[in-house]
Amino acid sequence: MVTEASAEPLESTSRFRLSFTAVFGILLVGLVLFWLAVNFYKTPADFIQIFLIGFTLGALYALIALGYTLVYGILELINFAHGDVFMLGGMMAVTVVGTTLFDLTQGEAWYVLWPLIIAALLICMGFCGLLNVTVELIAYRRLRHAPRLAPLITAIGASFILQNIGLAWKGPNYVQTADVLPAGNVFSIGGVEYTWEKLIVLLVTTPVLIILVWLVQRTRQGKAMRATAQDRDAAAMMGINVNRTISFTFLIAGALAGVAGLLYALYAGSVRFDQGFQLGLIAFTAAVLGGIGNLPGAVLGALLIGLIQAFNEGLSWHSPGSDWTQSMVFGILIIILVLRPEGLLGERTPEGG
Amino acid sequence: MRRGIIVGGIVAAAVLALIAAGCGGSSKSSSSTSGGGSGGGGNATALPASSCQDLYFEGSGKPDYIVPSDLPLQGSGRTQTIEMTNAIRFVLKQANFKAGKYTVGYQSCDDSTAQAGKWESSKCSANANAYAQNKSVIGVIGTFNSGCAEIEIPILNRAPDGPLGMVSPANTYVGLTHSGPGTAAGEPDKYYPNGERNYIRMVAADDFQGAADAQFMKDQGAKSVFILNDKEAYGLGVATDTKNSATKLGLKVAGFTAWDPKASSYEAVATKIKQSGADWIYLGGLICENGAKLVSDLKAGVPNAKLMAPDGFSDFTANGPAAAGMFITVAGVPPEKLTGKGADFIKAFGDQIGKKPNPYSAYAAQSMQVVLDAIEKSDGTRSSVTDNLLKTDVTDGILGTFSINENGDTTRNPVTVYQQVGSGKSGTGKTFKVEIPSASLVKAA
Amino acid sequence: MARSRDRDTAALQDRGLRMGIGAALLLLALFAQAGFRSLDVAAIPFLAVIALIYVPPWETVPYVGRFARAGIAITIAALYPFVWDKLFTVPVFGSFPSIPTGVVMLVFIQMAVGLNIVVGYAGLLDLGYVAFYAMGAYVAAWFASVQFSQKNVHFLAVGVGSNTPGFHISIWILLVVAGITTAFVGVLIGLPTLRLRGDYLAIVTLGFGEILPQIARNGDNLFGFNLTNGPNGITPIDSPGFFGVNYLTGSGTFWSSARLFYWTGLLLLLITIFCSVRLRDSRLGRAWIAIREDETAAAAMGVPLMRTKTWAYATGAFFGGVAGAYYASFKSATFPGDFFFNISVFILCMIILGGMGNIWGVIMGGAFLAYLDQEGLADSGGWFNSHFSQAGFNRLIGFLLIAGLFAVVILAKDVAWRAGLAVICGVLAVLFFALNPVQLPLEVPKFEFGIFGIILLVVMLFRPEGLIPSTRRAAEFHEGVHDQPLYDVVHE
C-alpha cells in the first residue's frame with residue numbers, strides 16, 4: 001500500500017535515476033573497455049596472462065561470494081563473519097596440509113597427494129560448515145525478529161571473535177603453506193603461461209558450483225531454501241522447518257568457505273588472521289555487483305572483481321596501480337549500491353517476482 | 001526472577017573462583033620497581049607497566065636513572081627485537097649497572113600492538129610522552145622503525161629539563177638527521193623544534209644503503225632494475241634512495257611501483273615486471289608486509305630476474321620458502337666481521353643465548369654503551385647527556401672505531417651484502433661483500 | 001501526593017541498596033587483594049564521593065536539581081589530575097588511569113558522543129566513523145605543521161618559531177575549521193546513503209571509511225601534488241597554546257602539559273555533551289527519533305527525511321572532526337596507519353555497551369572501553385600473569401567450562417541453543433585439557449578485539465539497549481520498529 005501510494009513520485013524519480021544511471025554506467029564501462037583494448041593492443045600476451053590470473057582469483061572469490069549471497073537471500077543479513085570463517089578454514093588447511101597432520105611437501109606422488117588433498121578438503125568443509133552453523137545459532141537465531149541493526153552488530157562481533165581466534169592460533173604474521181600443488185605449466189603458448197595451480201583451482205571450483213546449483217534447484221532441501229528465502233512465514237505454513245533450513249543454508253555456505261579456504265591456502269600460499277575481513281568485503285562487493293541473492297550473479301560479480309584487480313595491478317598502460325586496488329573495489333561497491341542496488345543480473349532469484 | 005538469581009549466582013561463583021584461584025596459585029610478587037630494602041641508590045620511578053616491562057636493575061634499592069628502549073616487541077620482527085633487548089641487558093649487567101658515579105636501570109618498552117603486528121603511532125606518542133614526563137629517564141634507546149622515530153624525536157626534543165637524547169640502533173630514514181634528494185621539505189629541522197639536535201644513530205642512513213645497493217647491482221652486471229616498495233615510511237624511503245642512486249649510476253630503472261600487502265597474489269605484478277624486461281628486482285620494504293609471498297610470486301613469475309632487498313628483509317628465517325639466492329643488504333657490519341671488543345661481545349653474548357646473534361644485537365649493545373658513556377661524562381641532567389651523545393667518539397667499541405657527526409650520523413658506514421642460503425627456520429645469510437659507496441653517490445641518493 | 005512520595009522513597013531505597021551492594025563488593029575485593037589482612041582506607045572517601053553523586057535525590061532540589069549530578073561529576077573529573085595517584089589500588093587493574101590516558105579517553109568519549117548522534121539518535125548505522133576522525137586529524141595537520149612549506153603563514157600560533165615554513169594557524173581556530181570541513185565531508189558521505197536501508201547504509205559508510213585512509217596513504221603523489229605526505233605521515237603537528245604557554249611544554253608542575261591537555265579535552269567534551277543534549281531535545285532531535293522508529297510514518301507526518309538524515313551525518317561528523325583534530329594535536333603526528341576499520345567498531349562498541357541513545361551510558365561505556373584499550377588490558381594482563389600459574393589457569397578454565405555447561409542446561413531456552421553452546425563448551429574443554437593451547441604468560445592486549453566482539457555479541461543478544469538505557473530505545477529493541485525505509489528500491 002505504501003509503495004502504491006508513492007508510486008507516482010517513485011516513477012518520475014526512478015525514470016530520472018535510470019537515465020542518469022544509464023549514462024554514467026555506459027560512460028564508465030566504455031572508458032574501462034577502451035583502456036583494456038589499448039592494453040591488449042600493446043601487450044597481447046601479457047593481457048591474456050593477466051586475464052587468466054584474474055579469472056582464477058575470481059573463481060576463488062566466487063566461492064566466498066556465494067556464501068554471502070546464500071545467507072543474504074535467506075535472512076537478508078550481511079554475514080560479516082563469513083570472511084573470517086573462510087580465513088579460519090584457510091588456517092585449518094595450513095595446519096592439516098602442513099607439518100601438523102599430513103606433512104605434505106613439494107613433489108609428492110599423485111596417489112599420495114590427491115587423496116590427502118581431498119581428505120583435507122572434506123575436513124575444511126566440515127570444520128567451516130560447523131563453525132558457520134554455530135555462529136548462526138549463537139549470534140543470529142535469537143535476533144530473528146529484532147530490528148535489522150541488531151544482527152548486523154552481532155555479525156561484526158562474531159567477526160572480531162573469529163579474527164581473534166585466528167590471531168591467537170597462528171600469530172600476527174603471514175603463515176606460509178608449503179608448495180604442494182604440482183608446479184609447471186599446463187601449456188605455454190606465445191608467452192602466455194598457464195600453470196597447473198590455476199587449472200586445479202578451476203577444476204575444484206567448477207564441480208563445487210555445479211553441485212551447489214543442483215542442490216538448490218533439484219533437491220528438496222534446496223526447494224525449502226528457495227521457499228524460505230521467498231517468504232519465511234508461508235514456508236513455515238507449508239510445513240518447512242525454517243530453523244533447520246536456515247541452519248542448512250549456513251552449513252552449505254560454510255562448506256563453500258571451507259573449500260575456498262583450502263584453495264586459497266594452496267594457491268595463494270599465505271594466510272593471516274585479518275585477511276578474512278578484507279577478502280570478505282571483496283567477495284561481498286562481488287556478490288552485490290552481480291546481484292545479491294542471485295547465485296549466477298555472485299559468480300559473475302566475483303569473476304569481474306578478480307579480473308579488475310588483476311588488470312589494475314598487471315597492465316602497464318595508465319593503470320592506477322596496486323596503490324588504488326582497495327579504493328577501486330570499495331568505489332565499485334558504493335557506486336553499485338547507490339545507483340543500481342539490484343546489481344548486474346537484477347532481482348534476486350529466490351524472491352522471484 | 002529465578003533466571004536472574006541463577007545468572008547472578010553463576011557470575012558471583014566465577015568471580016570468587018577467579019579470586020580464589022588467583023590467591024591459591026603461585027603469586028610471584030610482581031612489582032614494577034625492584035624489591036630491595038631501604039638505603040642506598042636513587043629514587044627512580046619506573047615507567048608504567050602498560051607499555052614497559054619490569055625495571056631491570058640488580059643493585060640495592062632503586063637506580064638513579066632509567067634508560068628505556070623503545071622497540072616493537074610484537075609482530076614479525078620480534079625475534080630480532082627481543083634479542084636486542086637481551087643484548088642491552090647484557091651490556092648493562094657487564095657495566096654493573098653503573099655509569100660513572102650514577103646507577104642506571106633499564107626498561108624494555110613496546111611501541112607495537114598485537115593486532116597491527118608492528119609499531120603504532122599512538123603507542124609511539126604515548127611512550128615518548130611517558131619518557132619526557134618521567135624525571136628518572138635520562139636517555140632513550142630506540143626506535144627500530146623510522147616512522148616511530150619521526151613521532152618520538154620532536155616530543156623528546158621538547159621534553160622538560162632539556163632535550164632528552166635518543167640513540168637509535170636501527171633507524172635508517174635519511175630525513176631524520178640530514179636532508180637529501182629523497183627527503184621531504186622541512187626535514188630534518190622539523191623534527192627538532194627547539195633547534196637543538198637530540199638524536200643519534202648507530203647505523204648508516206638509507207642514502208648509504210640505497211647507494212650501496214645500486215652500486216652492487218651495477219657491479220653484478222644489472223642492465224635494468226624494477227623497484228618495488230611497500231608504501232610505508234621505511235620502504236618508500238629506501239626505494240626512492242635506490243632509484244636516485246641507480247639513475248645517477250646510469251642503471252636503467254624499468255619501473256617504480258608499490259605492492260599491496262593485503263593482496264592475495266602478486267602474479268599480476270610479476271607479469272608487469274616481466275613485461276618491462278628488468279633483470280633485477282629491488283624490494284624496498286619490510287618482510288612483514290607480505291614480503292614472503294611477494295618473493296615466491298616473483299620467483300615464479302620472473303624466474304630469470306635476481307632479487308635484492310634492503311635490511312627490511314634481514315631476518316633470514318622469515319623470508320619464506322622461495323628466498324634462497326636473493327641478496328639482502330644490512331647497513332652494518334656482519335657479526336663475524338667484528339673485531340676486538342665486538343668479537344668478544346659476539347662470543348660472550350652468543351654463548352649466553354646459545355646461537356649466533358643477529359646483526360642488530362651488536363648495534364643495540366653499542367647503543368647502550370654509548371648512552372652509559374654519555375651519562376658517565378655528564379652532570380646528571382638530560383641536556384648534558386644529550387650534548388655528550390652528539391659528541392660521541394668511540395675507539396675500539398663493539399662496532400669498532402667511529403664517531404658521531406654534528407647531524408647525529410655515524411662516520412663509519414659499511415653496508416654488508418648477504419646472500420640468503422636455505423629458507424624457513426634454517427635460513428641464514430652468507431656474507432657476500434661489504435660495500436662502501438662513494439660520497440658523491442650517497443649525496444645523490 | 002502520597003503515591004509519588006512512596007515512589008520517591010522507593011527509588012531512594014533502591015539506589016541506596018545498589019550503592020551499598022556495590023560498596024560492599026568493592027571493599028571485599030580490596031580486602032581479598034590485600035590477602036585478607038588489611039583494608040585500604042583510601043577507598044572510603046572515594047566511595048563516599050560516588051555515593052554523594054548517586055544516592056541522594058538531587059533532582060528534587062528546586063532550580064538547580066537537574067544539574068546537580070552533572071555538576072558534581074564535572075567537578076570530580078576536573079579535580080582528577082590532583083588525586084589520581086593517591087587513590088586506592090583497583091583490584092585486577094592496578095592503578096587509576098594516568099592523565100595522558102585520561103586525555104585519550106576524553107577524545108574517544110567525544111567521538112562516541114558524536115557517533116551517538118548518528119547511530120543512537122537517528123538510527124543510521126555508520127561503520128565508517130574513522131573517516132571523520134581521519135579528516136579532522138588531517139585538517140589540523142595541514143594547517144599546523146610544515147606540510148605546505150611553500151607558504152609561510154602564521155596566525156595566532158603559540159610556540160612556533162616565526163620562520164618555520166608552512167601553515168601555522170592557532171589550534172583553537174583549527175578545531176572549528178576541522179569540524180566544519182569534516183561536517184561537509186560527512187554530508188558528502190551521507191548523500192549517497194539517504195535512500196538505502198540499514199545494512200546497505202552500513203556497508204557504504206564502511207566503504208568510505210576504507211577509502212579515505214587509502215587516499216591519505218597514497219596522497220603524496222596525487223597528480224604530482226603532495227597532499228598528505230603519504231606513509232610518512234605529517235609530523236610534528238603544533239600544539240595548542242594561549243598567553244604564551246605552549247601545551248607541549250606546559251608551564252611548571254601545576255600547569256603541566258598533560259594537565260593542560262586533559263582540562264582542555266574535558267572542556268571540549270562538555271561542549272560536545274551540551275550540544276548533544278540540546279540537539280536531542282530540539283525539533284531536529286525529535287525528527288531523528290521519528291525517522292528512527294518509522295520512516296514511512298515520519299514522512300507522512302511531514303518530517304523532511306533527506307534533510308534530517310543529512311543533518312545527523314553533519315553533526316556527527318562535526319564532533320568527530322573536532323575530536324580527531326584535537327587528538328592529532330595531542331599526539332603531534334598523524335599517520336595513515338592510524339586509521340582502520342576496527343576503530344569505527346571500537347567507538348560503536350562504546351555506544352552499544354553504554355546504551356545507545358543515552359548520553360550518560362555512552363560516556364560510561366566510552367570511558368571504560370577507552371581505558372581498557374589504553375591501559376586496562378595491559379594492567380589486567382600483568383595482574384593475571386603474576387597471579388596464575390599454568391596449572392591454576394587450567395583449573396580456572398575447567399571450572400568456567402563446567403559452569404558454562406550447567407548454565408547451558410538450565411538457561412538455554414531451546415534445543416538449538418543448548419546444542420550450540422554444549423558443542424562449544426565440549427570442544428573448548430577438549431582443547432584445553434588435551435592440547436594446552438593457551439600458554440601463560442597471557443598477552444591480554446592481543447585479545448582486545450575478541451573481547452570487544454564478545455561485548456558486542458553479549459550486549460546485543462541479552463540487553464541491546466545497553467547498560468544505561470534510554471527507555472525509548474529499550475522499548476524499540478524489545479517491541480520492534482517498522483524497519484522498512486520509505487524508498488526501499490528492492491521491493492518494487
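Convention: sequence-line order gives letters A, B, ...; per-chain numbering from 1.
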With a 4.5 angstrom heavy-atom cut-off, could you sort out which part of [X] is near chain B: side chain, backbone, both or neither?
X	result
C:Gln374	backbone
C:Asn232	both
C:Ser145	neither

Heavy-atom closest contact ([X] atom, [Y] atom, distance):
X	Y	result
B:Arg158	C:Pro236	NH2-CB, 4.3 Å
C:Lys331	B:Ser121	NZ-OG, 3.4 Å
C:Arg217	B:Lys231	NH1-O, 2.8 Å

Kindly compute the distance separating [atom1] ([X]) from [atom2] ([Y]), expressed to the nearest 0.5 Å.
X	Y	atom1	atom2	answer
C:Ile234	B:Glu150	CD1	CD	11.5 Å
B:Ser122	C:Ile343	OG	CD1	7.5 Å
C:Phe335	B:Ser125	CZ	OG	10.0 Å
C:Leu377	B:Thr113	CG	OG1	12.0 Å

For the interface with chain B, which of C:Leu25, C:Thr101, C:Asn218 has the highest count of heavy-atom pairs at distances below 4.5 Å?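 Between C:Leu25, C:Thr101, C:Asn218, the count favours C:Asn218.
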[X] vs [Y] side-chain heavy atoms within contact, under 4.5 Å:
X	Y	value
B:Leu236	C:Asp220	yes
C:Ser332	B:Ile155	yes
C:Thr235	B:Glu152	no

Go through the atoms of B:Gln133 and report whether side chain, backbone, both or neither lie under 4.5 Å from a heavy atom of chain C.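 Side chain only.
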Between B:Glu120 and chain C, with a heavy-atom cut-off of 4.5 Å, which part of the residue counts as in contact: side chain, backbone, both or neither?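 Side chain only.
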